[in-house]
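Shown next, in structure tokens, is the structure this report addresses.
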Amino acid sequence: DTAALGAWLDRWRARLDSESEERPGARRQTMRTANPLYIPRNHLVEEALEAAQSEGNLDPFTRLLAVLAHPFDQQPGAERYTLPPAPHEVVHQTFCGT
């Protein structure tokens, strides 16, 4: 809905204009401290659990845990942990314990 998006963008820009930022980049820095780069995405958790359960391979779990230990820090080589699942990786059922 292009009209709804345009209206939302107008309100968002007006809000940005009304907020006072004391230094350039302050808003970006605030967002980076509140929004992690890396989150435990279901498909990656499922991949780690499956490797551990079916193959006894803890490497995917260890790597996922290492990335998630510093979720706000840019980590070279961890780009795949920022991506949504490919169609074949979508997890359709999750459990409270995972």
Side-chain angles (χ1 to χ4, degrees):
D1 184 356
T2 305
L5 176 60
W8 182 88
L9 286 170
D10 290 341
R11 289 191 310 274
W12 178 68
R13 287 184 185 115
R15 178 179 171 182
L16 293 181
D17 290 342
S18 72
E19 295 176 358
S20 62
E21 291 292 335
E22 297 177 13
R23 59 185 172 81
R27 182 176 291 111
R28 182 180 302 120
Q29 184 59 35
T30 298
M31 290 186 70
R32 285 186 176 159
T33 61
N35 297 303
L37 292 168
Y38 309 102
I39 60 171
R41 295 177 178 272
N42 286 340
H43 68 290
L44 298 173
V45 172
E46 183 67 23
E47 174 186 284
L49 292 173
E50 179 62 26
Q53 187 270 327
S54 66
E55 304 164 22
N57 179 4
L58 294 178
D59 291 343
F61 172 77
T62 302
R63 177 67 177 141
L64 179 61
L65 192 58
V67 169
L68 295 175
H70 303 282
F72 295 96
D73 302 333
Q74 188 78 29
Q75 300 176 51
E79 292 78 15
R80 75 179 294 253
Y81 296 92
T82 66
L83 302 174
H88 69 278
E89 296 174 312
V90 173
V91 175
H92 296 284
Q93 183 176 6
T94 60
F95 302 91
C96 296
T98 59

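Not measured: the values here are computed from a predicted model. In what follows, residues are counted from 1 in the order of the sequence shown.
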To the closest 0.5 Å, what do you measure between [atom1] ([X]) and [atom2] ([Y])?
X	Y	atom1	atom2	value
Trp8	Asp1	CH2	CG	14.0 Å
Glu46	Glu89	CD	CD	11.0 Å
Arg27	Arg32	CZ	CZ	13.5 Å
Leu64	Leu58	CG	CG	12.0 Å
Leu37	Phe72	CG	CZ	8.5 Å
Leu44	Ile39	CG	CD1	9.5 Å

### Min side-chain heavy-atom separation Asp17-Arg15 under 4.5 Å
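No, side chains not in contact.
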### Query
Heavy-atom distance under 4.5 Å between the side chains of Arg63 and Tyr81, does that happen here?
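Yes - at least one pair of side-chain heavy atoms lies under 4.5 Å apart.
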### Task
Output yes when a side-chain donor or acceptor of Gln75 lies under 3.5 Å from a complementary backbone atom of His70, and no otherwise.
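Flag set: sc Gln75 to bb His70 pair under 3.5 Å.
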### Query
Is any NZ, NE, NH1 or NH2 atom of the basic residue among Glu47 and Arg41 found under 4.0 Å from an Asp or Glu carboxylate oxygen of the other?
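Between Arg41 and Glu47 there is no salt bridge, as every charged N stays at least 4.0 Å from the carboxylate O atoms.
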### Transitive ILVMFWY side-chain link Val45 to Tyr38, under 4.5 Å
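Linked, Val45 and Tyr38 end up in one cluster.
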